[in-house]
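Below, each value reflects all heavy atoms present in this structure, side chains not excepted, and no hydrogens, waters or symmetry copies.
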Amino acid sequence: MGGSILGNRVLRKEDPKFLTEGGKYVDDLLDEPLLANALHVTYARSTVAHGKINSIDVSEASQMDGIVAIFTGADLDLQQVPSAFNPMATRTLLATDKVRYVGEPVVAIVSETRSQGEDALDAIIIDYDVLPALIDLEKAMASDLHLYEACGSNVVFDTMVLGLPDNTGEAYFADCEVVVKGRFMNQRVAPCPLEVRGAAASWGENGRLTQWLSTQHAQGAVAPIAAANGVEEALIHVKTPDVGGGFGAKIGAYPEELLLGPIAKRVGKPVRWRETRSESMVALGHGRAQLQYVTIGGNRSGKVTHYQLWAIQDSGAWVDMGTILAPFMTRPMSSGVYDIPNIECRTTSVVTNTTPIVAYRGAGRPEATAAIERAMDMFAAKIGMDPAEVRRINLIPKFLEPHTTVVGQTYDVGDYETSLNKALEVSDYAGWREKQKAARARGDVKQLGIGVSIYVEITGGVGNGEAAKVEILDNGHALIYTGTSPHGQGHATAWAMLASEQTGIPMEKIDLVWGDTDLVPVGTGTMGSRSLQQGGNAVFAVSAELVNKAKAVAARLLEANEADIVLDKDSAAFHVAGTPALTKTWSELAQAEKSVGGALSHSDVIGVTGATFPFGAHVAIVEVDTETGKVTHLRHFACDDAGRVLNPLLLEGQIHGGVAQGTAQALLEEVVYDTDGNPTTSNLMDYAFISAAELPSIDVIHMETPTPLNLLGAKGIGESGTIGSTPAVQSAVIDAVSHLGVDHIDMPTTPQRVWEAIVAAN
Amino acid sequence: MNVNIVVNGINTKGDIEPRMLLVNYVREHLGLTATNIGCDTSSCGACTIHLDGESVKSCTILAVQADGGNVTTVEGLAIDGVMHPMQESFMQNHGLQCGYCTPGMVMAAISILKENPNPTEQEVRAGLEGNLCRCTGYHNIVHSVLACAGKN
């Protein structure tokens, strides 16, 4: 009897294809019959941040070579569409009266080749009455000029409208011996999946629209596509090719994608669209962009008793998902891993003339963690205590029964002190402190910085379960249908491991179907680190039920009691207990079912009982050149507890990627606008996308505290690395120059900022 | 304009627009879509291929400049269905996730080892600076290259 495959370092099934012939991304669908003779769509975008559209002149462009049609919003008779998060905010999918950010689509060009469409862009003349650009969050909050007049304010969401109280200010800290305040900008960053957005649309003779989408959630796109086309959802078929990364920014369907159906209908031909990177940098949603006013108070022995956070969330120019991350993700996690008896947290979301904010790896939880972790560091510095020690004093003790914080969030299981101990021990924290002391004593130009963070986050909070179907083919192979949607995570491998564990069918005979709404009509996609604990859990449970169904078929064929049928997983065959010589294989059972007009498959939506709360501790070691401000990230230690691990190879890959993106925010990346709202980081030359040269190898420290909330004991791991690493790296940079009098540097801690902080402290 | 370019050992020709980039020639004219386009500023390296044995970003070269040249894309690496050692190393070391940067990354990695068969980790990192990846944090990519060089 072989052992379980679960928990093993299994190589990825999907890799040979990606390595030899490449993925089949939406722009690679060259031989798709439904897209034969497809035309190309190119969008003319707003070049001003805020303005009224006076006129649009397409006369010259429409005469150019290869131009088939040019559409404005009026041409397409576009109607106002309300925001899902604040219905008072409405827009048309192409701007018609007003533009609200640089990059907003205004005109759609349809051409025979892509380059003809790009040529025509220059000939389209859009005349604007330019309005003042509201770029600064606090100025936008106070402004009488409103992006959406019907909202009556640029504040589009506030926790006070949920009935939650306002923060009470300094009075809250009257009893504290020590109070520290901070103003932190958790800066705006660009998700930057390597594959930009792309889509294609084709109407069939049956009146159905087939739309290909580079998305994290095909099923979620059906309703908005149907609405944009004015047809029933049954007429929409969304297909997801390989997707070259998403990171949250490809969850929702965008105007450029929703318009392809109406455009294809008008021109009577299928259409394709793929943005350029320069478009993507201003029109794919951005992430983070949260201003934080933080106050922390406690006593001189290190106990934190009071914490107050006002998170002002930049929504960008549309009331998109970013608007609700602060109230529903940042606020619930404001207590972090700490037992703080008094917490106030208000969040306020504000529209500005910038690219809309959407979910980005971590989506509200990195912001919560960054705030409390930075506050802990400042509190520790104020009372002259080691930051790791202050954290230890305030940790919620280990709990294996649900624990509810004072902000009302219930965590499943947690053992924060063990994660801290592991991270400190493996990183040799004490040793680095000694080295730091020596470097300071010598007055070295290059100084060491050590940063510690401890975090807890929410995963699997999206969706109440997931759909799965497992079907056995005549040849005994299995097909898994999942409502999750891989774009790099390795679902084809992970889900095959789960099905193989239950059925005994070897992994190489198990394939995965996803992201096709005809084949998988129900699904919540891949986001919020939900896939394994909901989607994987469903595959595991459905596979088990399929084995039971197969036993019934085997019992019939072997003329035995169902209860006496056993599955020998090593040979993937069924037999009657005690008579292993006479077997029925999966193939034989599938054919038997087919012969009586059935099929050997099982399908179900498997619920879960709630979100899980992965946690961990990171230690970052940096070196800072005190003459230039240059930071070198020397070592990174990540202890992330995601519950029971299905495949350590995939787990580590998720941690590595997460740490890199978190480090990128801490050290390098920021989307910048000038005061007129012109983006100055709108391509990969100007945006500081982190590279291999700026990162160290990452030391992964394993820890497993299974959750009781699903069959697998699994919690999410997709975002943990980002959440844990960002504050650790930021903290390490500040720590490296703290002896020079620096107490805070906002992210990204670029050489210029670090150098300026050193100069200012002198 | 007419061009003749050997791609993965096969003579190809085309009557193309002078402004066509080599990456578009490979992708759209030949249908070899493994080579990807990730940016428009020659920053990301997703389009890295070999031209006359040297790695180049195929978005920075006009197809007409490659006239008479010899191009290898990732589709041309495997021999009789056996992956190139670098491809195999990426698989063994989980050097890819979404796969979008992967063809360019593999081509760049082969070039790094050709120039420096015995690189240090820092040399590999510096060598890969022009190839961006958003999924892997580069950790397993770097270790794939080192493993292929016979290290770790």
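Neither the backbone nor the side chain of A:D31 comes within less than 4.5 Å of any heavy atom in chain B. At a 4.5 Å heavy-atom cutoff, the contact between B:D40 and chain A is made by backbone and side-chain atoms alike. Using a 4.5 Å cut-off between heavy atoms, B:Y138 touches chain A through its side chain atoms alone. The parts of A:P16 that come within reach of chain B are both its backbone and its side chain, each placing non-hydrogen atoms under 4.5 angstrom from that chain. With a threshold of 4.5 angstrom between heavy atoms, B:R27 approaches chain A through its backbone and through its side chain. Only the backbone of A:V243 has a heavy atom closer than 4.5 Å to any heavy atom of chain B. In this structure, chain A has heavy atoms under 4.5 Å from both the backbone and the side chain of B:M91. Proximity to chain B (any heavy atom under 4.5 Å) is shown, for A:S115, by both the backbone and the side chain. The contact between A:D28 and chain B is made by backbone and side chain atoms together, counting heavy-atom distances below 4.5 Å. With a threshold of 4.5 angstrom between heavy atoms, B:V74 approaches chain A through its backbone and through its side chain. For A:I655, no part lies under 4.5 angstrom from a heavy atom of chain B. No part of A:R9 comes within reach of chain B, as not one of its non-hydrogen atoms sits under 4.5 angstrom from that chain.
A:R277 and B:C39 get closest at one heavy-atom pair: CB-CA, 3.4 Å. Among all heavy-atom pairs drawn from A:E21 and B:A34, the shortest one is O-CB, 3.3 Å. Contact record, B:G99 with A:F18: CA-CD2, 3.9 Å, taken as the closest heavy-atom pair. Residues A:S697 and B:R125 share a closest heavy-atom pair of N-NH2, 3.3 Å.
Under the side-chain contact (heavy atoms from CB on, under 4.5 Å) test applied with B:Q97, the options A:E14, A:H487, A:Q654 reduce to a single match, A:Q654.
Among the candidates B:T136, B:T102, B:T41, B:L132, the residue making the largest number of heavy-atom pairs closer than 4.5 Å to chain A is B:L132. Put simply, of B:E17, B:E75, B:H94, B:E28, the one with the most heavy-atom pairs under 4.5 Å next to chain A is B:H94. For the set B:A46, B:C133, B:A126, the count of heavy-atom pairs under 4.5 angstrom toward chain A peaks at B:C133. With chain A as partner, the option from B:L128, B:N131, B:N140 having the largest number of non-hydrogen pairs under 4.5 angstrom is B:N140. Among A:A660, A:A664, A:G653, the residue making the largest number of heavy-atom pairs under 4.5 Å with chain B is A:G653. Of the listed residues (A:G490, A:G244, A:G721, A:G22), the one with the most heavy-atom contacts under 4.5 Å to chain B is A:G244. Among A:G658, A:G488, A:G657, the residue with the largest count of heavy-atom pairs under 4.5 Å with chain B is A:G488. With respect to chain B, the highest number of heavy-atom pairs below 4.5 Å among A:L684, A:L19, A:L11, A:D15 belongs to A:L19.
Atom CD of B:E54 is surrounded by 12 or fewer heavy atoms from other residues, nucleotides or ligands within 6.0 Å. For A:D65, the CG atom sits in a loose shell: 12 or fewer heavy atoms of surrounding residues, nucleotides or ligands are nearer than 6.0 Å. Other residues, nucleotides and ligands contribute more than 12 heavy atoms inside 6.0 Å of the CG atom of B:D15. The environment of CE in A:M685 is sparse: at most 12 heavy-atom neighbours from other residues, nucleotides or ligands sit within 6.0 Å.
Below 30°, between 30° and 60°, or above 60°: for B:H139 and A:H656 the angle between ring planes is below 30°, a parallel geometry.
Using a 4.5 Å heavy-atom threshold, the side chains of B:L96 and A:R12 count as touching.
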* To do: Step by step, work out the side-chain contact (heavy atoms from CB on, under 4.5 Å) result for A:L30 and B:T33.
  => CA-CA 9 Å; A:L30 300 181; B:T33 55; 3.5 Å; yes

* Starting from the C-alpha separation in whole Å, work towards a yes-or-no answer on side-chain contact (heavy atoms from CB on, under 4.5 Å) for B:C98 and A:E195. => CA-CA 9 Å; B:C98 82; A:E195 185 207 19; over 6 Å; no

* Show your reasoning for whether side-chain contact (heavy atoms from CB on, under 4.5 Å) applies to A:V196 and B:I37. => CA-CA 9 Å; A:V196 295; B:I37 299 170; over 6 Å; no

* Asked: Would B:C44 and A:L194 count as a side-chain contact (heavy atoms from CB on, under 4.5 Å) if you check the C-alpha gap in whole Å, the side-chain angles of each, and the deciding distance to 0.1 Å?
  -> CA-CA 8 Å; B:C44 80; A:L194 246 285; 4.2 Å; yes

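Taking 4.0 Å as the cut-off between side-chain N and carboxylate O, A:E669 and B:R134 count as a salt-bridged pair.
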